[in-house]
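Worksheet for the structure shown next.
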Amino acid sequence: QVQLVESGGGSVQPGESLRLSCVASGKIFYINAMGWYRQAPGKQRELVATITSGASTNYADSVKGRFTISRDNAKKTVYLQMNSLKPEDTAVYYCNADLRERPTSRYREVWGQGTLVTVSS
């Protein structure tokens, strides 16, 4: 069974940094894009950043210049370095991967369970 497990969330003050990690495990043949999404209380889940297997990245306008997404394909891990955090970054952050479990299987999306990031003074 394929799983994504996030870590690195926590409570910080405005201006501080956090680094999130997400490790994929289980029977995985190939991971295409990976990404981070977030959901604040009372709001819909939104895209934060994505990265392809070739390391092309895409960011939400609200995090450009502050957040950096990266990945280690050998470790099946995606990271999100979050700098200059703001109270409006407070949310549950979810990891996402588009992957195939076998050479002949279709790509499917897998989600992690989420990790809470709280930014408050």
Side-chain angles (χ1 to χ4, degrees):
Q1 184 178 354
V2 176
Q3 281 188 315
L4 300 180
V5 179
E6 302 102 332
S7 61
S11 295
V12 297
Q13 294 189 341
E16 294 186 339
S17 299
L18 279 175
R19 189 191 195 210
L20 305 183
S21 299
C22 171
V23 181
S25 64
K27 188 171 182 177
I28 300 171
F29 172 71
Y30 181 76
I31 302 176
N32 190 11
M34 302 185 81
W36 290 95
Y37 292 72
R38 67 186 181 187
Q39 187 166 17
K43 294 189 177 181
Q44 289 189 327
R45 190 174 298 188
E46 63 176 5
L47 179 145
V48 176
T50 60
I51 184 167
T52 68
S53 57
S56 294
T57 58
N58 180 52
Y59 294 93
D61 288 342
S62 59
V63 307
K64 281 181 182 176
R66 300 188 298 123
F67 291 11
T68 302
I69 189 170
S70 60
R71 65 190 280 176
D72 185 326
N73 291 329
K75 294 182 179 179
K76 297 184 178 67
T77 300
V78 62
Y79 306 97
L80 185 68
Q81 178 65 44
M82 305 186 293
N83 298 330
S84 302
L85 282 160
K86 303 176 181 180
E88 50 263 44
D89 295 317
T90 295
V92 177
Y93 283 71
Y94 296 91
C95 175
N96 171 277
D98 185 39
L99 56 84
R100 287 195 289 175
E101 294 168 79
R102 296 180 300 279
T104 55
S105 60
R106 293 183 175 182
Y107 281 101
R108 70 180 185 97
E109 272 194 319
V110 180
W111 291 89
Q113 81 289 349
T115 185
L116 178 63
V117 172
T118 303
V119 185
S120 174
S121 55

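These values consider heavy atoms only, across backbone and side chains, with no hydrogens, waters or symmetry-generated copies.
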Which atom names give the shortest non-hydrogen contact between P14 and S121, and what distance separates them?
CD-N, 3.7 Å

State, to 0.1 Å, how close Q39 and K43 come at their nearest heavy-atom pair, and which atoms those are.
NE2-O, 3.1 Å

Residues in ring pair (Phe, Tyr, Trp, His ring centres under 6.0 Å) contact with Y79, at least two apart in sequence or another chain:
none

Under the rule for salt bridge (charged side-chain N to carboxylate O under 4.0 Å, His left out), what residues qualify as partners of E46, not counting sequence neighbours?
R38

Locate the shortest heavy-atom distance separating S17 from S84; write the atom from each residue and the value.
OG-N, 4.3 Å

All pairs passing disulfide bond (SG atoms under 2.5 Å apart) where residues 56-87 contributes a residue, at least two apart
none

Side-chain cluster (under 4.5 Å, hydrophobic types only) that V5 belongs to, other residues
none

Please check if the side chain of S105 supplies one atom and the backbone of E101 the other of a donor-acceptor pair under 3.5 Å.
yes

Is it true that a side-chain atom of E6 and a backbone atom of C22 form a donor plus acceptor pair closer than 3.5 Å?
no

Other cluster members, L20 - Ile/Leu/Val/Met/Phe/Trp/Tyr, side-chain contacts below 4.5 Å:
V2, L4, V12, L18, I28, I31, M34, W36, V48, I51, Y59, V63, F67, I69, V78, L80, M82, L85, Y93, L99, V110, V117, V119

Quick check on Q44: does its CD atom have over 12 non-hydrogen neighbours (other residues, nucleotides or ligands) under 6.0 Å away?
no

Sort and list the pairs that fulfil salt bridge (Lys or Arg N to Asp or Glu O under 4.0 Å) and have at least one residue in residues 65-78, not counting sequence neighbours.
R66-D89

Taking the six-membered ring of Y107, is NZ or CZ of R100 closer than 6.0 Å to its centre and within 45° of its axis?
yes

